[in-house]
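Below, chains carry the letters A, B, ... as their sequence lines are ordered, and counting in each starts from 1.
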Amino acid sequence: MKYGRAVATASKRVEHDDHHEYVDTTPEELAPLYRQMLAIRRMEEASAKAYSQGKIGGFLHLIIGQEAVCVGATAALKPEDYVVATYREHGHAYAKGVGARPIMAELYGKKTGCVKGLGGSMHIFDKATNFLGGYGIVGGHVPIAAGAAFASKYRGDKRVALCFFGEGASTIGGFAEGLALAALWKIPVVLICENNQYSMGTPVYRSLAVEDVSLRAIGHGMARDRFDGDDVVKVKRRIAEAVDRARTTNEPTLVEVVTYRFRGHSMSDPGLYRTKEEVEEWKQRDPLGRCRQRLLDIGFPQADLDAMEADVKAEIEDAVKFAEDSPPADDYKSYVIKE
Amino acid sequence: MAVISYREALNQAMREEMERDENVFIMGEEVGHYNGAYKVTQGLLQRFSERRVIDAPIAEMGFAGIGIGAAMVGLRPIIEFMTFNFSLVAIDQIVNNAAKIYQMSGGQYHIPIVFRGPGGPAVQVGSQHSQSLESYYAHVPGLKVVMPSTAADAKGLLKSAIRDDNPVVFIEGETLYNTTWEVPDVAPGSPSELIPIGKADVKRTGKDITLIAWSKMVWTCLDASKVLAEQGIECEVVDPRTLRPLDVETLATSVKKTGRCVIVEVGWPVAGFGAEVAYQMQKHCMDVLDAPIERVTSDDVPMPYAKNLELEVQPQVADVVAAVKRALYME
């Protein structure tokens, strides 16, 4: 199948699937996904608190509301596969296997952070888990992901790269060129547009002539897909199709996942460009809450859920304590030029 | 010693490094089937196939970034820009990604990549194709910037650049491709095949004044030195070869010997790299300087097309001679 199952629409409203339809799953599959989503939510909440206390500086972009996308997509990968993400990447890093401790310590600017306090919130990297980084220039990381996947094809090692970006990146050159070259050279990369409907404060209808970003694939003869990102299992299944296509045929895919961020663009953004009603409407279908309910519905024991949630709470509290207690960053000279 | 062209020297360097290391590949516009816009990659496609000599469409930002991503995970790309003028549409990749990933990743990922291609004014190609952009790149921590003036330097330095674990911006002289120079007969694999990045070279010895120049301005300074020698003035011409890291020691040693210094570059005057060299020389040689350091640059204008105007804008032998005489208080 050359083209995926796109929902072609130029309407001013984003179409949604029926939210009562769940993809079939089992407690064994869903429980770890829920645990990751919950840990990311709690980690983001803890970092927001620390930010308001002045313990985290700079920009802090939270992914609350969008957790199902990074968790579901990353669940479709093998450990040797690559992930490249944006500046809103704490969740992607965690989902790829980076621990809450080094992430939180990095936000705190500590020596024990995953990049030793040199990167902060926007630049988490972890070679051990093949997390190729968080990037702060919108769209500039799309060719990087294509490059990692190019190397996979060059060596024949069958690794796939996932690249996450927002719909706001779909207007910039890095995205356009990365897309064009990935299609031309059949690079095994999956380009995942997390359409959270606002590029900072600008809604899609004021930034895109055609709101369906996945349609960009057509002009390049690239496979595409588009769906909403509320059900983590659905995200996993649909991304798995694209990952499988990349791994077996080297064909890239452009996937658009429609989602919503509950918080502002960053901590300094009060979100005055959208109504409380709109945000509340989206919170009604919070992917985390849906996932929890689904887990209970398919027979996961309440006692096990309580234990898991307590475990997550302890994990994040431990990460915060680790960050608080860690020594300050102390070396900014060693990693400029590799000797 | 074989006398070969600057173009052939670069070709040999890439060919030998690709033979040596399977991870080295070349990507750029017209590098393969066309054999290179300036024929620097002549014959490499036939030898190494489309897997390793990759013709890219016109998308510098895209293929520069693909090179960086490939370098992150262990390949050693050579990214050719048809000219460095076109690197400006990829400068985000070079500055924000190639130069910073080693730092941003806390030393976990390094970027062994070479961005190479011709730079500097050629002949009558107008303002957008006649720029010397070395100052842009030399400004950026995390990059190395190399600008060879001779075939021998081109070969030895390009081989070092390909083996370097850092991003190297390797700017070739667009008008130097046909120039020839003696290149030592060194078998691939011998340590002497490499010229270390960050080492200046004295291209001509002299006792009266130091001329510091790189890329094609080395040739202009050598020509000016001949004119001045006839008037009894012996110039020492020092070629830094690498702008970042700059071999301040070799440059300062020469200036301390002569007590006078003229810096010649084909770039623009304002914030040109020569200004940094001048700062370093006054800082290290203040006690021995007998005259203010002179700079010779192109005029502070976009390059005009008309041949007479184009020559007028760029430093010529006469401009260097005049600067030397100012530094010697002869005028």
Legend entry - Greater than 12 external heavy atoms within 6.0 Å of B:Glu249's CD: no
Inset, instruction - Select, from A:Ile337, A:Val336, A:Asn130, the one with the greatest count of heavy-atom pairs under 4.5 Å involving chain B. - result: A:Ile337
Legend entry - Option that, when pairs with chain A are counted at under 4.5 Å, heavy atom only, ranks first among B:Arg51, B:His110, B:Lys144, B:Lys100: B:Arg51
Inset, instruction - Can you establish whether the number of heavy atoms outside A:Phe59 located under 6.0 Å from its atom CZ is more than 12? - result: no
Inset, instruction - Check whether A:Tyr332 gets within reach of chain B through its side chain, its backbone, both or neither, counting any heavy atom under 4.5 Å. - result: neither
Inset, instruction - Nearest 0.5 Å please: distance from the CD1 atom of B:Ile101 over to the NE2 atom of A:His123. - result: 10.5 Å
Legend entry - chain A contacts, top residue of B:Ile111, B:Leu143, B:Asn97, B:Ile68 (heavy-atom pairs, under 4.5 Å): B:Asn97
Legend entry - B:Glu19 atom CD, neighbour heavy-atom count above 12 within 6.0 Å: yes
Inset, instruction - Against chain B, label A:Lys338 side chain, backbone, both or neither, depending on which of its atoms sit under 4.5 Å from a heavy atom there. - result: both
Inset, instruction - Would you check if A:Leu132 and B:Val73 make a side-chain contact, meaning some heavy-atom pair closer than 4.5 Å? - result: yes
Inset, instruction - Between chain B and each of A:Asp126, A:Leu179, A:Val142, count heavy-atom pairs under 4.5 Å; write down the option with the most. - result: A:Asp126
Legend entry - B:Tyr136 atom OH: more than 12 heavy-atom contacts under 6.0 Å: no
Legend entry - Side chain proximity check, B:Met104 to A:Val115, heavy atoms < 4.5 angstrom: no
Legend entry - Interface residue of largest heavy-atom contact number with chain A, from B:Pro112, B:Pro245, B:Pro77, B:Gly142, under 4.5 Å: B:Gly142
Legend entry - Contacting region of A:Phe175 [heavy-atom separation from chain B under 4.5 Å]: neither
Legend entry - Heavy-atom proximity to chain A below 4.5 Å, by part of B:Ala71: neither
Legend entry - Under 4.5 Å from a heavy atom of chain A, the part of B:Gln93 involved: side chain
Legend entry - Pairwise distance OH(B:Tyr109) to CZ(A:Phe131) - rounded to 0.5 angstrom: 9.5 Å
Legend entry - Close side-chain approach of B:Leu75 and A:Arg155, heavy atoms under 4.5 Å: yes
Inset, instruction - With rounding to the nearest 0.5 Å, note down the distance linking CD in A:Glu177 to CD in B:Glu60. - result: 7.5 Å
Inset, instruction - Heavy-atom distances under 4.5 Å only: say whether A:Ile124 touches chain B with side chain, backbone, both or neither. - result: neither
Legend entry - Gap between atom CH2 of A:Trp185 and atom CZ of B:Phe63 - 0.5 Å precision: 7.5 Å
Legend entry - Nearest atoms (heavy-atom pairs only) where A:Pro143 meets B:Gly62: CB-O, 3.5 Å
Inset, instruction - Could you check which of A:Gly119, A:Gly133, A:Gly113, A:Ala148 has the highest count of heavy-atom pairs closer than 4.5 Å to chain B? - result: A:Ala148
Inset, instruction - With rounding to the nearest 0.5 Å, note down the distance linking CD1 in B:Ile66 to CG in A:Leu181. - result: 4.5 Å
Legend entry - Atom group of B:Ile54 that falls short of 4.5 Å from chain A, counting heavy atoms: side chain
Inset, instruction - Can you tell which part of A:Ser152 gets under 4.5 Å to a heavy atom of chain B, answering side chain, backbone, both or neither? - result: neither
Inset, instruction - Counting only heavy atoms closer than 4.5 Å, note whether B:Met72 contacts chain A via side chain, backbone, both or neither. - result: side chain
Legend entry - Aromatic ring pairing A:Tyr154/B:Phe25, orientation class (parallel under 30°, perpendicular over 60°, tilted between): tilted
